[in-house]
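Naming convention: chains lettered A, B, ... in sequence-line order (proteins, then strands); numbering from 1 in each chain. Remember, predicted model here, so these are calculated numbers, not experimental data.
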Number of protein chains: 2
Amino acid sequence: MANEADQLKRSTRRTRATSFDVAELAGVSQSTVSRALAGDPVVSELTREKVKRAAEELNYSIDQNATRLRTGRTDVIAVVVICRPGELKGDMNPFYYSLLGNICSAISAAGCDALTSFQDSAANLNGYYERNRRADGLIVIGTAENTEAWAHFREVAESGANMVCWGAPYQDQNWVRSDNVAGGEIAARTLLENGYQNSVYIGSVTSLQRQYAERFEGFSRAMRSAGHTPVMVQIDPSLSRIEQGHEAVRKMIDTGMKFDGIFAACDQIALGAMQELQAQGLSIPDQVGVVGFDGINAGEHVVPPLTTIEPDLPLAAELLVKRLKAMMAGTPSDEWLVPVRLLARGSAMRAA
Amino acid sequence: MANEADQLKRSTRRTRATSFDVAELAGVSQSTVSRALAGDPVVSELTREKVKRAAEELNYSIDQNATRLRTGRTDVIAVVVICRPGELKGDMNPFYYSLLGNICSAISAAGCDALTSFQDSAANLNGYYERNRRADGLIVIGTAENTEAWAHFREVAESGANMVCWGAPYQDQNWVRSDNVAGGEIAARTLLENGYQNSVYIGSVTSLQRQYAERFEGFSRAMRSAGHTPVMVQIDPSLSRIEQGHEAVRKMIDTGMKFDGIFAACDQIALGAMQELQAQGLSIPDQVGVVGFDGINAGEHVVPPLTTIEPDLPLAAELLVKRLKAMMAGTPSDEWLVPVRLLARGSAMRAA
DNA sequence: CTGAAAGCGCTTACAG
DNA sequence: CTGAAAGCGCTTACAG
């Protein structure tokens with residue numbers, strides 16, 4: 001007759017098989033089970049097969065928490081998306097979602113898990129994942145507008161954490177970013193080639209917005225070498241991107257500025273500008289040509305579809321992960337430039 | 001003179017402080033450190049302060065892997081986004097990104113970490129996070145179109161995993177979803193109230209698409225009670241959503257169908273339909289009124305802006321987490337209905 | 001090629 | 001209110 005101890009033992013057994021259980025069933029030692037399942041080439045194939053069968057029979061899986069405690073590695077990479085404080089998740093720039101998706105895929109491809117969080121203010125800013133061993137490293141993306149958040153992550157980086165970011169506002173950080181200068185040049189040339197003689201750049205180029213400044217730099221370079229003087233319309237960056245587009249066009253029209261082409265610092269600004277142009281009765285692309293930057297999906301579905309400069313996001317994600325892994329391995333990589341390409345669509349297609 | 005052992009000890013010390021180091025500095029036992037930092041009310045405030053100061057001085061953080069191994073809990077929730085095989089991350093329905101963002105926030109708010117992955121095919125389908133203790137439970141969202149993926153997650157659920165999903169194709173799973181019937185009714189009434197007498201529903205209503213079938217059900221109910229016969233235009237769901245919208249309108253026009261209103265099963269279908277209507281020279285909202293479902297951001301930025309039915313996504317996310325936690329606690333919850341509301345915009349505003 | 005043993009850093013009964 | 005001790009489930013020198 002089964003006594004209480006037996007019953008307890010049996011019900012305890014019910015919970016989860018350990019490597020000891022597998023060892024017992026396979027008739028080997030627990031260390032052999034560990035080696036066999038870890039793929040250690042030192043164990044014989046015969047033994048490995050025996051162990052695998054036993055593991056399967058017991059529905060055994062390695063407890064990663066034990067592995068992590070023992071090895072000190074987690075094989076987890078944290079991804080933080082910096083948002084504007086109070087911003088609804090549906091209003092976030094879709095570019096960052098797209099980048100996030102690519103990053104999660106790249107992390108998977110590298111054999112790690114991705115720990116994702118959206119952070120926007122003191123209430124939830126926390127980049128110290130390594131301190132309590134929840135991750136081996138950190139990738140930070142998101143709006144450059146949130147200075148409080150970037151200040152936090154600057155501290156995180158300075159504390160010695162393994163961290164890379166996308167288009168960080170601070171020059172001193174370990175980043176990856178688009179070839180913004182080349183993108184700006186392409187934008188300017190595209191407008192010129194389509195016969196737009198008076199193109200204007202819309203966007204803010206504060207020190208926080210390195211990427212935007214670079215886009216303007218490329219734009220300016222190409223305009224100058226074609227004999228034009230680059231013009232910029234700078235807009236309050238605290239407005240939503242869409243609003244910035246509206247505001248810029250309103251300002252240009254109100255001040256009587258002469259223009260027939262717009263290169264917007266990003267697609268959302270371009271979309272806002274297009275709306276305002278149409279609301280004011282200006283036709284695109286006949287009267288005004290518009291070029292954006294980012295390649296967000298929505299640009300394809302407006303009328304006319306938005307011509308834009310698109311960075312290679314799968315590659316961007318791969319580079320972020322690669323650079324982070326290099327940093328963790330102590331062999332810094334300096335690959336950080338993501339190529340861009342032109343998506344020529346209706347918004348800037350006018351016979352010259 | 002320091003010998004090798006001393007140096008080793010010192011350099012070992014450099015790496016990371018443990019609770020034993022904190023205990024030594026604070027002059028208490030290691031167990032007291034653990035209790036103090038865990039907020040155990042049994043420790044005196046004086047002791048707790050002493051411990052906290054020591055911890056801070058040593059820059060100590062609890063190693064979560066040790067905690068997880070010891071307690072058996074991870075306080076991690078896995079989130080899986082099911083994609084269409086081969087789909088670019090930028091082409092994914094933005095609705096799911098928005099839902100994902102809200103879910104990650106809700107998980108944070110519940111004091112857990114979110115482990116995110118995008119899965120689309122046999123190469124990366126894996127929902128067994130609990131088996132190797134990487135997470136305590138699983139939330140699954142994403143396209144209903146990927147039958148292979150949902151078959152996998154059905155197995156995961158049947159294996160006894162803690163799992164809830166958004167709008168799962170299978171009736172038997174633990175889901176949360178929009179009040180689709182109410183949404184369909186609102187859509188129908190909105191079109192009727194704006195003077196559209198011949199409205200049509202566009203979308204597929206296969207068994208996999210429970211949510212779409214429910215939207216049509218609500219639409220039908222409201223149409224019937226207003227004395228109209230509900231009409232559906234069913235489109236090949238393997239096309240992209242946008243393409244489905246184009247295709248539906250083309251089909252309606254080609255077959256000479258009489259219509260002046262469209263309720264699309266989702267916003268992306270609606271956007272495709274709007275493009276096709278405009279391409280065919282039909283004006284919105286004068287000749288045709290359009291209502292979508294989802295409330296994606298892009299709908300606000302097309303011309304005219306899209307009228308749509310929007311589920312309360314922050315609440316949806318909260319419910320998903322709540323339901324999962326209830327399941328983990330063994331106290332099943334049956335809250336699963338997410339209310340929707342009308343976003344009345346230009347695409348369906350015509351004087352009656 | 002395999003096994004016995006130590007130890008990763010915590011939490012939590014148990015005892016006082 | 002605090003401490004000594006066991007143990008969560010692995011990996012990995014070390015020895016054979």
Any base atoms under 4.0 Å from [X], or only sugar-phosphate, or nothing? Heavy atoms, all strands.
X: A:S44; answer: sugar-phosphate
X: B:T67; answer: sugar-phosphate
X: B:R35; answer: base
X: B:V43; answer: sugar-phosphate
X: A:Q30; answer: base
X: A:S31; answer: base

Report task. Please determine if a side-chain N or O atom of A:T71 lies less than 4.0 Å away from the OP1 or OP2 oxygen of D:dT11. Result ->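 Result: no.
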Query raised in the report: Are OP1 or OP2 of C:dC10 and a side-chain N or O of B:S19 less than 4.0 angstrom apart?
Result: yes
Requested in this report: Test side chain to side chain donor-acceptor pair (under 3.5 Å) on A:S117 and A:Q119 and set out the steps.
Outcome: CA-CA 6 Å; A:S117 80; A:Q119 305 189 2; 3.0 Å; yes
Requested in this report: Report the nucleotide, chosen from C:dA6, D:dT2, C:dC10, that has the shortest atom-to-atom distance to any side-chain atom of A:R70.
Outcome: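 Nearest listed nucleotide: C:dA6.
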Query raised in the report: Considering only side-chain heavy atoms of A:I62, which listed nucleotide, C:dG9, C:dC1, D:dT11, is closest?
Result: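 When the side chain of A:I62 is considered, D:dT11 is the closest of C:dG9, C:dC1, D:dT11.
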Query raised in the report: 5'-most contact on DNA chain D: B:R48 or B:L69, nearest heavy atom basis?
Result: B:R48
Requested in this report: Please figure out whether B:T32 or B:R133 has its closest DNA chain D nucleotide nearer the 5' end.
Outcome: B:T32
Rounded to whole angstrom units, what separation is found between the [atom1] atom of [X] and the [atom2] atom of [N]?
X: B:F20; N: C:dC10; atom1: CZ; atom2: P; answer: 8 Å
X: A:D75; N: D:dT11; atom1: CG; atom2: P; answer: 12 Å
X: B:R131; N: D:dC10; atom1: CZ; atom2: C1'; answer: 17 Å
X: A:E45; N: C:dC1; atom1: CD; atom2: P; answer: 9 Å
X: B:E24; N: C:dG9; atom1: CD; atom2: C1'; answer: 16 Å
X: B:D21; N: C:dC8; atom1: CG; atom2: P; answer: 11 Å
X: B:R73; N: C:dC10; atom1: CZ; atom2: C1'; answer: 13 Å
X: B:L46; N: D:dT2; atom1: CG; atom2: C1'; answer: 14 Å

Report task. Could you check whether the rings of B:Y97 and B:F118 sit parallel, tilted or perpendicular, using 30° and 60° as the cut-offs? Result -> tilted
Query raised in the report: If pairing requires Watson-Crick or G-U wobble contacts with both distances under 3.5 Å, which nucleotide is the partner of C:dA13?
Result: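 Matched C:dA13 with nothing under the 3.5 Å cut-off.
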Requested in this report: Tell me the partner of D:dA4, counting only Watson-Crick (N1-N3 plus N6-O4 or O6-N4) or G-U wobble (N1-O2 and O6-N3) with both under 3.5 Å; none if nothing fits.
Outcome: none
Query raised in the report: How close do B:R131 and A:Y60 get, heavy atom to heavy atom, and via which atoms?
Result: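 Looks like NH2-O, 3.2 Å.
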Report task. Ignoring hydrogens and angles, state whether a donor on the side chain of B:N65 or A:R70 is under 3.5 Å from an acceptor on the partner side chain. Result -> no
Query raised in the report: Can B:E45 and B:R48 be counted as an ion pair, charged N to O under 4.0 angstrom?
Result: yes
Requested in this report: Using a cut-off of 6.0 Å, state whether more than 12 heavy atoms not belonging to A:K325 lie near its atom NZ.
Outcome: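 For A:K325, atom NZ is crowded (more than 12 foreign heavy atoms under 6.0 Å).
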